[in-house]
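Sequence positions, counted from 1, serve as the residue numbers for this chain. Just the heavy atoms: all of them, side chains too, but no hydrogens, waters or symmetry mates, feed the values below.
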Amino acid sequence: DVNSLKVQTVAKLVSLPDFEYKVVKGTAGKSITPRGTLPVLHFNGEILYGTNAIIRYLIALAEDSQLLGDDAFTKAQVLQWSEFSSNDLEILATVSVLPLQGVSLKKMTKASIDEMQTAKEAARQLLSIIETSVEPALMTDTFLVGKKLTLADIVLCCALYPVFELVYDKAAQSKVPNTCRWFQTIINQIKLSEILGKEVKLCEKAPTYDLATKTVKKESKNISVGEIKASPKQSGGIVLKKQLFKLPRTTVKSILHTPTKGSEYVGKTFKVCGWARTVRSQQKNTLAFIDLSDGSCFESLQVVATSSETSGFAEIGSAGGIGASFKVVGEVVASPKEGQAVEFKALEVAVLGKVDPVAYPLKKTKHAHSKEFLREIAHLRPRTKLIGAVARVRHACSMATHYFFNERGFKYVHTPCITSSDCEGAGEMFQVTAMLPKAEKNLGQLPLVDAKRAKELKNYKGSYSPKTGEVDYTTDFFSRPAYLTVSGQLNVEAFACALSDVYTFGPTFRAENSHTARHLAEFWMIEPEMCFCTLDDDMNLAEDYLKYCVQYVIEHCADDMKFFDQFVEKGLIDRLRNVLDNEFQRMTYTEAIELLNQPEHLKAGNFEEEPVWGIDLGSEHERYITEKVYKKPTIITDYPASFKSFYMKKNPVDKKGRETVQAMDILVPRIGELMGGSAREDNLEVMEGIIRKKGLDPENFKWYCDLRRYGTVPHAGFGLGFDRLVMFVTGVDNIRDVIPFPRTPGQCEF
């Protein structure tokens with residue numbers, strides 16, 4: 001009984017220790033509840049009947065259950081899906097399977113009907129509804145509502161379970177691959193097999209009746225091109241009333257990324273476009289193979305063209321081979337090649353763009369092109385397997401970032417790239433000025449403040465006031481010195497002190513003359529900020545965020561990750577799963593120094609810089625702690641104030657008179673520092689004192705101090721180098737290979 005199954009599933013998920021399920025037979029002709037409704041709940045002598053009422057009661061008993069969603073809107077979406085399942089789908093599913101279970105529809109309906117035909121029509125109608133309503137909703141999402149299991153998934157899974165087990169064979173399943181994937185995910189999460197006491201799996205072959213529909217082939221010279229419909233549903237749950245745009249082609253991913261690796265599309269005709277990874281000719285140039293990639297996934301689609309059956313075959317040989325672009329109309333056919341389920345039989349081929357095989361730099365070689373060479377052709381390197389895979393993972397990390405913070409109520413704030421403040425106080429900033437063209441006309445002389453100009457500037461109302469002998473930036477574009485920002489943190493704090501929980505995700509810049517594999521002049525930062533939170537809250541958020549990104553990439557970029565695991569870093573996926581399966585190690589800076597100074601670690605580490613209290617830990621120290629000692633990410637807190645930023649909240653002086661701040665760094669294997677954060681100083685007097693002590697101009701931070709002057713609150717946040725995150729999840733060892741166009745000292749092409 002579907003209703004009883006729903007109740008049992010919810011009871012199991014909310015972990016009610018004293019819940020007992022029994023099958024009770026009622027007296028003939030009498031109901032055991034006021035309305036004869038099943039199931040029924042007995043509690044303290046009272047009776048509650050009706051599936052929805054019982055489920056709501058069970059969920060209410062578990063205070064921490066989020067099966068109904070986190071907020072009012074999510075709850076409404078959950079209830080909407082639940083009602084849709086109960087009202088529109090359950091009856092069709094029931095009618096579809098009852099004859100197979102020996103239950104007479106004639107007796108139930110008291111009508112003269114063809115039972116098997118009625119069941120068959122119900123199954124077809126149900127499949128049609130799943131195709132149009134459920135399948136699009138699961139095109140990009142794992143769950144029906146949000147990013148975790150809800151009552152919506154439970155109700156729909158229980159409703160569809162009988163037909164997926166007894167009725168829908170592989171042919172039917174091929175029409176709803178997203179729903180099948182979702183169904184298998186849900187039955188595992190709710191442990192349906194344990195509830196039913198038997199293994200639950202998709203039907204291999206439908207018994208008794210066949211759902212296949214006859215198709216009539218049209219005899220026509222024009223090829224009818226099919227399409228795999230993409231879902232209009234986006235992460236925000238918005239479905240346009242009328243959607244104008246659709247891809248004028250079918251992507252390689254939509255053909256190959258199915259439960260059967262494309263086999264469900266055998267016999268169907270599509271149009272695909274892309275670039276050739278390889279082109280091979282056989283049988284005296286009457287047969288050609290094109291490995292076609294459109295970048296939608298790691299795999300390429302093998303196109304098979306013949307001189308006798310493919311229109312435009314002659315153009316293939318003159319296209320130039322690797323790198324040429326093609327448009328192909330063809331039919332999906334079963335592939336005889338081992339490890340490849342399908343290939344694409346070309347009916348029409350058109351060359352969109354030829355290449356000169358001599359001049360094209362990405363030639364087929366015995367060994368892969370070096371990363372150094374690929375950086376010289378950064379505009380073409382996305383076509384390689386390595387950089388293409390990096391780009392897809394980088395995209396996945398970006399989407400995971402926005403999903404993660406949006407699900408937790410954070411607001412995305414766009415902070416400026418041009419600033420007059422040095423957030424880090426390091427002075428390594430790119431200056432932005434419009435004065436150089438004027439200086440060139442003035443024999444290279446910048447305008448300086450002389451005695452006359454100094455008198456004029458006494459009445460200047462701006463917060464910036466240059467001194468005699470300094471460059472007069474009041475005549476510049478911004479009327480003061482301006483720089484490319486090294487961080488959006490100071491600006492995003494202003495919005496945090498109004499919206500509570502915010503984050504920024506954008507480019508930042510540092511004029512550091514560094515040539516290491518971990519540094520860029522232009523890089524991307526993710527910086528959340530939370531009001532009314534402590535450093536512990538900050539660390540918890542950071543750990544959750546990193547694990548979320550790792551999990552998202554593993555789930556959404558499986559083929560790319562297999563490539564990285566095999567060819568970039570052996571054991572990469574196991575390393576990342578270790579991150580997911582373990583809580584991060586936490587220790588103070590002082591404890592870390594004491595650890596590194598233990599004789600066995602001093603000997604094993606053989607550090608170039610002695611780990612004494614007061615130094616800023618180097619990469620050698622950070623990686624030793626994460627790779628050799630704990631073998632997992634480690635959070636180090638309470639650093640010396642001497643080398644940390646002015647905005648970090650101070651701790652009480654320790655017993656040895658040393659000053660530390662409430663700061664934390666998350667260190668990860670292979671990278672070292674990946675994330676850094678702190679509780680922010682919220683005391684105005686202390687903040688102004690630190691600014692002066694650091695040798696900074698208080699006038700430049702007056703607006704920042706206003707956040708402490710007017711309604712100050714405790715708050716905290718962290719910054720993550722996004723490019724280092726991509727390095728961490730891909731195993732790529734040079735940061736210049738995980739950003740599309742790296743900007744480093746002496747390198748600003750493209």
- [ ] Give a yes or no on whether the backbone of R124 and the side-chain of S128 come within a donor-acceptor separation of less than 3.5 Å.
- [x] no

Open item on the list: Salt bridge or not between R249 and D294? Use side-chain N to carboxylate O under 4.0 Å.
Closed with: yes

Task: CZ-CG distance between R56 and L151, expressed to the nearest 0.5 angstrom - done: 8.0 Å

TODO: Please determine if R408 forms a cation-pi arrangement with F404, meaning its NZ or CZ atom is less than 6.0 Å from the six-membered ring centre and no more than 45° off the ring axis.
DONE: yes

Open item on the list: Please determine whether a side-chain nitrogen of the Lys or Arg among E90 and K6 lies less than 4.0 Å from a carboxylate oxygen of the Asp or Glu.
Closed with: yes

Task: Separation of F183 CZ from N178 CG (nearest 0.5 Å) - done: 15.0 Å

Task: Pairwise distance CD1(I186) to CZ(F143) - rounded to 0.5 angstrom - done: 5.0 Å

Task: Pair W182, D153: side-chain N/O donor-acceptor within cut-off below 3.5 Å - done: yes

- [ ] State plainly whether the residues K345 and E309 are in salt-bridge range, i.e. N to O under 4.0 Å.
- [x] yes

Task: Distance (rounded to the nearest 0.5 Å) between N3 CG and T51 OG1 - done: 3.0 Å

Open item on the list: Please identify which of these residues, T185, L202, T258, meets the side chain to side chain contact (heavy atoms under 4.5 Å, CB included) condition with C180.
Closed with: L202

Task: Pair T179-E135, side-chain donor/acceptor within less than 3.5 Å - done: yes

- [ ] Fit a plane to each ring of Y552 and Y548, take the angle between them on a 0 to 90° scale, and name the class: parallel (under 30°), tilted (30 to 60°) or perpendicular (over 60°).
- [x] parallel

Task: Atom CZ of R181: over 12 foreign heavy atoms under 6.0 Å - done: yes

Open item on the list: To the closest 0.5 Å, what do you measure between CG (L126) and CD1 (I91)?
Closed with: 11.0 Å

Open item on the list: If I take atom SG from residue C158 and atom CD1 from residue I187, how far apart are they, to the nearest 0.5 angstrom?
Closed with: 11.0 Å

